[in-house]
Amino acid sequence: MTTVLKLGGSVVTEKDEPETVDRENLRRAADALAKSDEELVVIHGGGSFGHHHAAEHGVSTTDGTHDTEAVRAIHGAMKDLNEAVVDALAVAGVSAVPVHPFSAASRNSAGDLSLPTDQLATMLDEGFTPVLHGDVVVHETAGATILSGDELVVALADALDADRVGVCSAVPGVYDADENVIDRIDAFGDVADALGGSDATDVTGGMAAKVRELLGLAAPAYVFDIDGLDEFIAGEHPGTRID
Ligand code: IP8
């Protein structure tokens, strides 16, 4: 069984405090992941590390830059966060290893992502837990653009033939218009009106974008918060199921 799990930037960082890790949440997440006996690919978002730098330099998933200082600032902040996540996972006993998308991924001029995954498959076979992150990626004709963790979730879940996908976010599931967690979503049109954007600086979009991407997956995806992580790791169904 292969599980792809995203730890949202709002879970592992203090989203409104520049470059600040949420140590308590990170420890809780690491303890939960340590209980997994499945092959696990972990992806984390940018939170207060990547998004502030991306916004400062005017870089998004579509607006690129050729400014190497901008690329290094965004990528450097994400590497710092990745190191904190990998360290916390290692302390909890997870065989976590860092994987930086900027070094391997690229987009063509139409924006399509190319990300080799043989290395990740071998890592899983050898008992490692690769830990990737939202990043900047080189983008044909645009310089470099943002690659969101959600896009990585989609690309890796399909390429690695994942059985389950988890998105651990700031909210306990996808809310309807009355802020009740929707149990199951199988068509975007059913929930489009109820879905808003993220309220902190987030250059890759809020819940609506996440739901759209997760609906395209072959594997079932679950959106839940940190309180649902133990349940998800135990193979249960916290939050909202999207398939
Ligand atoms: O938080 C974006 O990843 P996300 C990463 O998963 C950067 O959307 C570099 C802003």
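First listed ligand is number 1; within each ligand, the first listed atom is number 1. Note that these values count all heavy atoms, side chains included, but never hydrogens, waters or copies made by symmetry. Because the structure is predicted, anything quoted here is derived from the model rather than measured.
Of the N and O atoms on the side chains of S48 and E19, not one donor lies less than 3.5 Å from an acceptor on the other residue. There is a side-chain donor-acceptor pair under 3.5 Å between H100 and H133. Looking only at atom types and distance, the side chain of T3 has a donor-acceptor partner in the side chain of E38 under 3.5 Å away.
When non-hydrogen atoms are compared, ligand 1 lies under 4.0 Å from the side chain of I74 (C-beta onward) but not from its backbone. With a 4.0 Å heavy-atom cut-off, ligand 1 is reached by the side chain of M78 but not by its N, CA, C or O.
Pairs engaging residues 96-118 under the salt bridge (Lys or Arg N to Asp or Glu O under 4.0 Å) rule: R107-E151 [sequence neighbours left out].
Among T65, V71, D67, the one residue that satisfies the side-chain contact (heavy atoms from CB on, under 4.5 Å) test with E69 is D67.
Taking each of G46, G8, S10 in turn, the one with a heavy atom nearest to atom 1 (O) of ligand 1 proves to be G46. Closest heavy-atom approach to atom 7 (C) of ligand 1 among the candidates T13, I146, T61: I146. The nearest non-hydrogen atom to atom 6 (O) of ligand 1, considering only G149, G47, A55, comes from G149.
The N/O atoms of K6, backbone and side chain alike, include one that comes under 3.5 Å of an N/O atom in ligand 1. At least one N or O atom of H51 sits closer than 3.5 Å to an N or O atom of ligand 1. Inclusion of A54 in the set of residues having an N or O under 3.5 Å from an N or O of ligand 1 is not warranted.
Shown in contact with G50 at under 4.0 Å from a heavy atom are these atoms of ligand 1, numbered in order with element: 9 (C), 10 (C). Of all the atoms in ligand 1, the ones that sit under 4.0 Å from a non-hydrogen atom of G45 are 1 (O), 4 (P), 6 (O).
In terms of hydrophobic clustering, with Ile, Leu, Val, Met, Phe, Trp and Tyr side chains grouped at heavy-atom distances under 4.5 Å, V131 and V41 are assigned to different clusters.
If you take CG on L132 and CG on L156, they are separated by 6.0 Å, rounding to the nearest 0.5 Å.
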